[in-house]
Amino acid sequence: MSYPFKTIEKKWQQYWQEHKVFEAAAAGKKKFYCLEMFPYPSGKIHMGHVRNYTIADVCSRYKWMQGFEVLHPMGFDAFGQPAENAAIKNKTKPDTWTHKCIEWMRAELKKMGFSYDWSREISTCDSSYYRWNQWIFLKMLERGLAYKKASLVNWCPACATTLANEEVIDGGCWRCKAKVAQKELEQWYLKITAYKERLLDDLAQLTLWPERVIAMQRNWIGKSEGVEIYFPLKERPGRICVFTTRPDTIFGATYIVLAPEHPLVKDLLKGKPQEKAALRFIDKVAKESNAARSAADVQKEGVFTGSFAINPVNNEEIPIWIADYVLMEYGTGAIMAVPTHDQRDFLFAKAHNLPMRIVIQEPGSKMRNPLELAGAYEGDGIQVNSGHFDGLANQEAKKKIAAWMEEKGIGKIQTHWRLRDWLISRQRYWGTPIPVVYCPQCGTVPVPYADLPVLLPQDVSFSGEGGSPLGKSNTFVNATCPQCKSKARRETDTMATFFDSSWYFLRFCSPQFRTGPFDTQEAAHWMPVDQYIGGIEHAILHLLYSRFFTKFFKDIGLTEFHEPFQRLLTQGMVLKDREVMSKSKGNIVDPDSIITRYGADALRLFILFAAPPEAELEWDDRGLEGSFKFLNRVWRIQDNLKEKADIELYRLVHKTVKKATADIETFKLNTAIASLMELVNAIYQLGADREVFGILVRMLAPFVPHFSEELWQQLGNKETILKGPWPAFDPELVIEEQVTIVIQVNGKVRSRIQVQADIEEEALQELVLADARLQAWIQGKAVKKCIVVPQKLVNIVVA
RNA sequence: GGGCAAGUGGUGGAAUGGCAUACACGACAGACUUAAAAUCUGUUGGCCGCAAGGUCGUGAGGGUUCAACUCCCUCCUUGCCCACCA
């Protein structure tokens with residue numbers, strides 16, 4: 001007979017709700033804000049959600065039991081394209097579809113028994129939320145952090161609409177399969193680059209973030225120190241400006257490559273015999289999408305311009321080429337090519353028979369002839385063929401050459417950044433309308449704060465054709481200019497959903513606040529988020545944008561902190577048959593069906609036990625059954641309680657408390673559970689009393705909350721187990737009196753003995769050398785060394 | 001191509017310089033049962049051995065160390081993220 005999980009889970013979910021157990025309130029205790037990345041309401045939760053939210057729930061409940069005032073909110077990242085696509089497909093409205101999905105999803109989350117403060121629930125698609133997106137946008141606009149710029153978008157000519165990258169499938173439109181083109185549109189950007197230094201420098205404060213997330217953010221921001229070098233043109237005045245991080249290779253720069261879009265290209269070509277062929281090439285490249293141009297393993301194509309530049313360090317004439325692998329968007333749109341020390345340049349030079357010169361000698365190599373090179377040497381070495389810098393280590397030469405070029409006025413030491421401004425415009429309906437109007441007299445005019453929110457219109461039909469649906473709503477498009485009151489046109493672009501999720505953690509602090517995006521006092525109390533938990537796929541964009549918004553709020557005086565998330569955990573993926581669970585692969589396990597068969601607690605326990613939170617998790621039906629069996633095994637203990645348990649068991653219980661507490665603190669939840677299982681095994685051997693059992697049940701409470709509440713109540717407790725409190729261990733009972741010492745001979749285990757834990761080193765050595773089993777191994781041999789590791793091991797080294 | 005992880009029994013995993021394989025799954029055996037399920041109790045890395053015990057063993061190869069799954073070097077494989085970023 002298995003335990004009645006169905007009634008128990010229902011009972012306690014009701015109890016928590018009725019007693020408002022999880023409603024956060026500032027109560028003068030130490031606060032703890034636990035947050036997981038809120039879901040997109042697709043309708044059903046999947047195992048990835050279950051894993052993410054179960055890990056966070058353990059953290060929250062553990063903190064509740066420790067007496068913290070916990071803020072653990074949940075909401076929905078509800079804007080986005082799937083709702084619009086569903087509307088096109090099912091002839092419904094994005095609004096209706098989304099709210100239905102939210103309802104289903106909320107019900108499923110409740111069935112998992114997560115400890116959310118549902119009174120704080122938010123949905124980003126509600127105007128009470130997105131009006132503050134508009135408010136924030138206007139604040140940014142005021143400070144010059146929002147601006148418009150022309151930019152290329154994926155365009156489906158058949159549907160006359162823009163497409164997201166993921167809607168482009170094999171170069172065609174996802175709906176009609178027409179070939180996707182590039183089209184230039186005026187788009188809104190946020191100037192995140194204005195924060196690049198702070199976003200980079202403050203990474204140092206994030207000591208509780210995973211190393212690899214820090215590394216990914218650092219690479220994305222991409223600060224590189226280098227030199228801007230000026231190459232004079234040979235035949236006429238003017239110069240080409242390039243940026244390099246390798247000024248140590250400048251003496252090996254044997255040609256220059258311009259991006260086909262480079263402004264100098266057409267002038268350089270004029271009247272040259274190469275002009276025609278080159279223009280044809282430029283035309284061809286222009287037709288290629290960025291995706292095709294950046295595809296790997298494509299032959300590097302290029303043409304000679306017929307013109308030459310002068311290498312300013314040695315006055316050599318070097319040819320100027322055009323190639324598709326140089327992009328106008330990066331650096332200066334021109335590079336100096338050093339084929340001997342850059343692999344891409346090497347391949348290009350080989351293909352077009354361009355000159356090469358070795359200027360950095362690989363340590364241990366005497367090679368001087370570039371023709372012997374099988375590939376570029378990109379490592380460190382000694383300068384050769386580099387004028388008076390010969391013989392220097394290249395890292396040292398890098399600095400000296402840079403300084404020397406700056407002094408001579410042929411270059412300038414510069415810092416380049418990889419980070420680009422953030423494009424937030426979407427030609428979509430289901431998003432936050434960008435609050436500006438276009439007036440023929442006054443130009444681009446922000447909507448006054450008093451007129452917010454700019455609401456999404458309801459009179460919109462969804463066909464998927466003819467551009468943004470907002471553009472087809474006359475009531476929406478026709479507006480009055482806030483300044484001159486003449487007829488004006490409303491902006492029909494909406495904001496990317498990353499905007500919504502860049503500050504929702506602040507809204508949770510005061511979700512009903514009506515006079516600003518959030519109550520600054522509430523935010524000062526709850527922020528920063530103490531523990532943030534989510535998937536590694538958000539390691540760059542979402543986290544970077546959230547950090548950017550947080551810094552912006554500080555600048556406009558709404559907050560006092562620099563970083564939003566103190567500690568970050570990125571949980572691993574859930575796999576089935578070694579592949580990520582996904583609809584297209586058809587290897588989905590539906591959490592709901594598991595809950596029906598085994599209950600939410602068994603599901604929670606399995607998903608926590610099967611792997612450490614940060615690692616990938618292989619789904620296993622049989623493992624799940626094991627977790628269910630374990631719960632039944634614990635359930636049966638209550639019928640066999642003794643008056644008084646053995647001292648041996650007390651010792652183990654306290655050791656387990658120590659171990660489980662330490663493990664939960666460091667998110668080793670799988671081994672925390674393993675130690676509880678060991679305790680249960682010992683209880684089956686030794687027999688527990690009420691005290692021991694009570695401690696076990698409290699330790700189980702964060703993992704399997706319904707189950708533990710029920711047992712706790714049956715032990716005679718009147719209050720929720722969350723007021724448990726979390727058990728403490730008696731340090732006296734944790735200390736070992738006897739320890740086992742491992743005895744090794746030459747590093748191999750040969751024996752072991754029991755000794756008092758506080759034995760003196762000399763006495764221990766004597767005991768060890770007298771050990772009977774050891775004699776065969778050391779007899780007649782000289783003991784060269786004897787290494788003693790207190791309380792653990794003795795290693796005897798014999799000749 | 002770059003960055004970051006990871007590679008341990010039949011399986012998920014544990015051990016981050018000191019007893020390799022905790023805990024769990026699976027398998028096998030026993031108890032209970034008319035029987036099965038459930039439950040309880042054992043056994044369970046390979047090889048040699050009746051046993052005591054020995055010996056090999058953490059992707060491959062080398063190194064450091066009294067001692068290496070753990071640290072260093074080279075290579076292989078897998079996964080994730082990013083990518084003609086100068």
Side-chain angles (χ1 to χ4, degrees), chain A residues 1-2 210-216 218-220 222 224 226 242-246 249 257 259 290 293-298 300 323-327 329-338 342-345 347-348 378 416-420 535-540 570 572-573 575 578-580 605-606 609-612 614-627 629-630 632-633 636 668 670-681 684-685 740-752 773 776 784-789 791-798:
Chain A
M1 256 275 287
S2 59
E211 289 276 339
R212 64 169 169 156
V213 175
I214 301 274
M216 283 159 92
R218 185 176 292 119
N219 290 342
W220 188 259
S224 58
V242 308
F243 176 77
T244 180
T245 53
R246 295 290 307 271
T249 64
V257 189
N290 259 353
R293 236 172 110 178
S294 55
D297 302 327
V298 172
K300 280 32 177 173
D324 58 352
Y325 76 98
V326 177
L327 297 183
E329 294 99 90
Y330 296 106
T332 59
I335 61 161
M336 66 177 210
V338 186
D342 181 290
Q343 186 61 19
R344 271 172 326 195
D345 296 342
L347 293 174
F348 191 81
E378 296 182 341
H416 267 232
W417 301 78
R418 190 186 173 284
L419 185 69
R420 303 285 122 184
I536 188 73
E537 67 273 21
H538 295 297
I540 297 176
T570 49
M573 311 224 198
L575 313 181
R578 303 198 168 271
E579 287 190 306
V580 179
L605 190 66
F606 169 70
F609 178 62
E614 302 208 69
E616 288 175 343
L617 184 151
E618 175 70 24
W619 181 263
D620 178 15
D621 288 316
R622 289 195 291 212
L624 177 79
E625 238 165 291
S627 296
K629 273 203 269 191
F630 170 74
N632 282 306
R633 199 164 143 88
R636 283 190 295 272
K668 293 188 198 164
N670 54 330
T671 51
I673 293 169
S675 70
L676 298 183
M677 288 174 168
E678 281 180 76
L679 177 60
V680 170
N681 290 343
Y684 268 76
Q685 299 289 332
T740 305
I741 301 289
V742 169
I743 306 175
Q744 298 181 329
V745 178
N746 290 344
K748 293 207 178 214
V749 181
R750 296 303 179 190
S751 182
R752 54 199 74 190
R773 248 178 308 188
K784 283 204 330 205
K785 219 179 199 180
C786 190
I787 286 129
V788 179
V789 183
Q791 314 236 347
K792 267 187 188 159
L793 164 147
V794 176
N795 187 15
I796 300 159
V797 186
V798 294

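First the proteins, then the strands, lettered A, B, ... as listed; each starts at 1.
Annotation for A/G333 and A/V326: closest pair O-CG1, 3.6 Å, computed over non-hydrogen atoms. Here the closest non-hydrogen pair linking A/I741 and A/Q791 is CD1-C, 3.6 Å. When all heavy atoms are compared, the tightest approach of A/A611 to A/E616 is CB-O, 3.6 Å. Closest non-hydrogen pair, A/A539 versus A/V213, comes out as O-CG1, 3.8 Å. Of all heavy-atom pairs between A/N746 and A/N795, the closest is N-OD1, 3.5 Å.
Here A/Y684 lies in heavy-atom contact (under 4.0 Å) with sugar-phosphate atoms only. Across all strands shown, A/V749 has heavy atoms under 4.0 Å from sugar-phosphate atoms exclusively, and none from any base. Within 4.0 Å of A/K784, counting heavy atoms only, lies no atom of the nucleic acid at all. When heavy atoms are screened at a 4.0 angstrom cut-off, A/D345 is found touching no nucleic acid atom at all. Within 4.0 Å of A/Q685, counting heavy atoms only, lie sugar-phosphate atoms of the nucleic acid but no base atom. A/G626 comes within 4.0 angstrom of the backbone, heavy atoms only, and of no base. Counting non-hydrogen atoms under 4.0 angstrom, A/R420 reaches nothing in the nucleic acid. As judged by a 4.0 angstrom heavy-atom cut-off over every strand, A/R633 is placed among residues touching the sugar-phosphate backbone only.
In this structure, A/I673 atom CD1 and B/C25 atom P are separated by 13 Å, rounded to whole Å. Between A/E625 atom CD and B/A37 atom P there is a gap of 13 Å when expressed in whole angstrom units. Computed from coordinates, the A/K668 NZ to B/A15 C1' distance equals 10 Å when rounded to whole Å. Taking atom CG on A/L605 and atom P on B/C23, their separation rounds to 16 Å, with Å as the unit. What separates CH2 of A/W417 from P of B/A86 is a distance of 14 Å, to the nearest Å. The OH atom of A/Y325 sits 13 Å away from the P atom of B/A86 (whole-angstrom rounding).
Pair assignment for B/U11: B/A24, on the basis of Watson-Crick or G-U wobble contacts that are both within less than 3.5 Å. Using N1 to N3 plus N6-O4 or O6-N4 for Watson-Crick, or N1-O2 and O6-N3 for G-U wobble, each under 3.5 Å, B/C19 pairs with nothing. Judged by Watson-Crick or G-U wobble contacts below 3.5 Å, the nucleotide B/A5 has B/U78 as its partner.
One P atom belongs to B/G63, the other to B/G2, and the distance between them is 28 Å to the nearest Å. Taking atom C1' on both nucleotides, B/U43 is separated from B/G10 by 16 Å, rounded to a whole Å. Rounded to the nearest Å, the gap between the C1' atom of B/C69 and that of B/G54 is 23 Å. Look at the P atom in both B/U21 and B/G59: the space between them is 16 Å, to the nearest Å. Atom C1' of B/G17 sits at a distance of 8 Å from the matching atom of B/A67, rounded to the whole Å. The same atom, C1', is picked in B/C19 and in B/G45; the two are 16 Å apart, to the nearest Å. For the P atoms, the distance from B/U55 to B/A20 is 12 Å, rounded to whole Å. Between B/C47 and B/A37, the distance separating the two P atoms is 30 Å to the nearest Å.
Residue A/R750 places at least one side-chain N or O under 4.0 Å from the OP1 or OP2 atom of B/G54. Using a 4.0 Å cut-off, some side-chain N or O of A/K748 falls inside it from OP1 or OP2 of B/C56.
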Between the protein and nucleotides 9-14 of chain B, are there any N/O to N/O pairs under 3.5 Å, and if so, what are the atom names and distances?
{"unit_1": "B/G12", "atom_1": "OP1", "unit_2": "A/R578", "atom_2": "NH2", "d": "2.7"}
{"unit_1": "B/G12", "atom_1": "O2'", "unit_2": "A/A610", "atom_2": "O", "d": "2.7"}
{"unit_1": "B/A14", "atom_1": "OP1", "unit_2": "A/N670", "atom_2": "ND2", "d": "2.9"}

For nucleotides 66-69 of chain B, which of its nitrogen or oxygen atoms have a protein nitrogen or oxygen under 3.5 Å away, and what is each distance?
{"unit_1": "B/C66", "atom_1": "OP1", "unit_2": "A/K785", "atom_2": "NZ", "d": "3.3"}
{"unit_1": "B/C66", "atom_1": "O2'", "unit_2": "A/N795", "atom_2": "ND2", "d": "3.4"}
{"unit_1": "B/C66", "atom_1": "O2", "unit_2": "A/N795", "atom_2": "ND2", "d": "2.5"}

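Taking syn as a glycosidic angle within 90° of 0, B/G9 qualifies as syn.
A/R420 places a side-chain N or O within 3.5 Å of a backbone atom of A/W417 that can act as its donor or acceptor partner.
Side-chain proximity of A/M677 to B/C40, B/C84, B/A24: nearest is B/A24. Set against B/G3, B/G18, B/C4, the side chain of A/N219 has B/G3 as its closest nucleotide. Ranking B/U39, B/C4, B/C82 by closeness to the A/W220 side chain, first place goes to B/C82. The side chain of A/R773 has B/G53 as its nearest neighbour among B/C82, B/C56, B/G53. Nearest nucleotide to the side chain of A/E678, out of B/C25, B/A86, B/A22: B/A22.
Between A/F348 and A/Y325, the angle of the ring planes lies from 30° to 60°, which puts this pair in the tilted group.
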